[in-house]
J.: 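First the structure, then my questions, so here it is.
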Amino acid sequence: MSNPPLTLMLVHAHPDDEAITTGGIMLKYAEEGARVVLVTCTRGELGDIQDPGYVPPKPGMTMEEIRMTEMSDALGVLKVSAFHCMDYRDSGMAGNPGNDDPKSFHQADMTEASNRLAAIIRKERPQVVITYDETGIYYHPDHVKAHQITQKAFFDAGKPDLLLEDGKPAWQPARLYHIAIPMARIRRYNQEGTDPASRPPSSIVGTPEEKITTRIDIEKYLDRKFEAIYSHKSQIGGNHRFRNLTLEQRKEMFGYEHFVCAYGCIPLMEGGKEKDIFAGLRI
Ligand SMILES: [Zn+2]
């Protein structure tokens with residue numbers, strides 16, 4: 001039997017998270033011949049339209065329709081091979097009434113949600129899986145839950161005695177990463193510009209430099225990463241800070257994507273950073 005193709009799976013909470021935090025590596029590995037599989041847990045129905053001048057593509061579209069249309073545009077830019085939406089409802093930020101919706105991702109049964117993700121892992125057979133750390137980057141309940149179900153599904157997918165609905169054989173991915181936003185980058189970003197309204201949520205949890213294991217150069221893909229970010233027009237409107245960065249600021253703040261290896265890691269030299277998430281996994 002031939003070896004399975006090199007496959008990267010990303011588990012994100014909402015449309016736009018994929019482009020902002022991992023758009024560069026998605027493009028990089030797609031162009032290097034890997035399959036890039038994106039899983040989004042919700043449709044982002046509770047996202048706020050920040051730009052008062054925003055006009056939907058068609059009159060009367062619901063937020064869900066708008067965001068999935070934008071997602072579809074971003075998938076093309078990012079060269080995604082397969083996309084799975086888990087169809088849970090966006091829970092909104094902590095304390096939002098959406099947290100209590102029985103269909104929300106926040107309320108989803110952990111085992112049911114994790115088994116659904118494990119079935120996707122068995123179908124797509126990724127060697128590398130990426131999601132958020134336990135803080136979900138900024139404690140959004142859907143990000144935290146995405147982390148929790150991915151931690152469980154990553155190992156459950158590999159258990160032969162766990163029978164899942166679609167009957168696919170067990171598959172244990174080799175490596176798990178968590179997305180990291182370097183603390184220094186957050187400090188720098190918050191110093192830039194004067195408009196507090198366009199700054200990132202102050203609750204973003206940075207990762208100290210010494211914990212970051214993996215630093216991927218994505219400068220070559222920056223233009224298209226931003227094209228993918230801009231595909232999410234309802235969220236990243238005309239006056240959004242992301243649209244007003246100089247080239248230098250883009251390179252400095254987004255020229256690398258950072259990760260913490262959580263499982264299956266290659267030992268690093270003291271202070272060294274891994275430069276390739278598939279290192280040692282190519283056959
Ligand atoms: Zn999100």
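In what follows, residues are counted from 1 in the order of the sequence shown. Model, not experiment: these values are computed from the prediction. Both backbone and side-chain heavy atoms feed into the values below; hydrogens, waters and symmetry mates do not. Both counts, for ligands and for their atoms, begin at 1 and track the order of listing.
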J.: Check whether NZ of the Lys or CZ of the Arg Arg89 lies under 6.0 Å from the centre of the six-membered ring of Phe105 and within 45 degrees of that ring's axis.
T.: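 No cation-pi geometry.
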J.: State the count of protein N/O/S atoms located less than 2.8 Å away from the Zn ion (ligand 1).
T.: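 Counting protein N, O and S atoms closer than 2.8 Å to the Zn ion (ligand 1) gives 4.
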J.: Judged by atom type as modelled, is there a donor-acceptor pair below 3.5 Å linking the side chain of Thr42 to the main-chain atoms of Gly44?
T.: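 Side chain of Thr42 to backbone of Gly44: a pair is present.
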J.: Would you mind listing every disulfide bond (SG atoms under 2.5 Å apart) that reaches into residues 203-282, with sequence neighbours excluded?
T.: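 For residues 203-282: Cys261-Cys265.
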J.: Residues two or more places apart in sequence or in another chain: which of them pass side-chain contact (heavy atoms from CB on, under 4.5 Å) with Tyr263?
T.: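 Tyr263 satisfies side-chain contact (heavy atoms from CB on, under 4.5 Å) with Phe154, Phe155, Leu176 only.
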J.: Could you tell me if the ring centre of His147 sits under 6.0 Å from that of Tyr132?
T.: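 No; Tyr132 has its ring centre 6.0 Å or more from that of His147.
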J.: Taking the hydrophobic residues Ile, Leu, Val, Met, Phe, Trp and Tyr, and joining any pair whose side-chain heavy atoms are under 4.5 Å apart, which ones share a cluster with Leu247?
T.: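 Its cluster partners, ordered by chain and number, are none at all.
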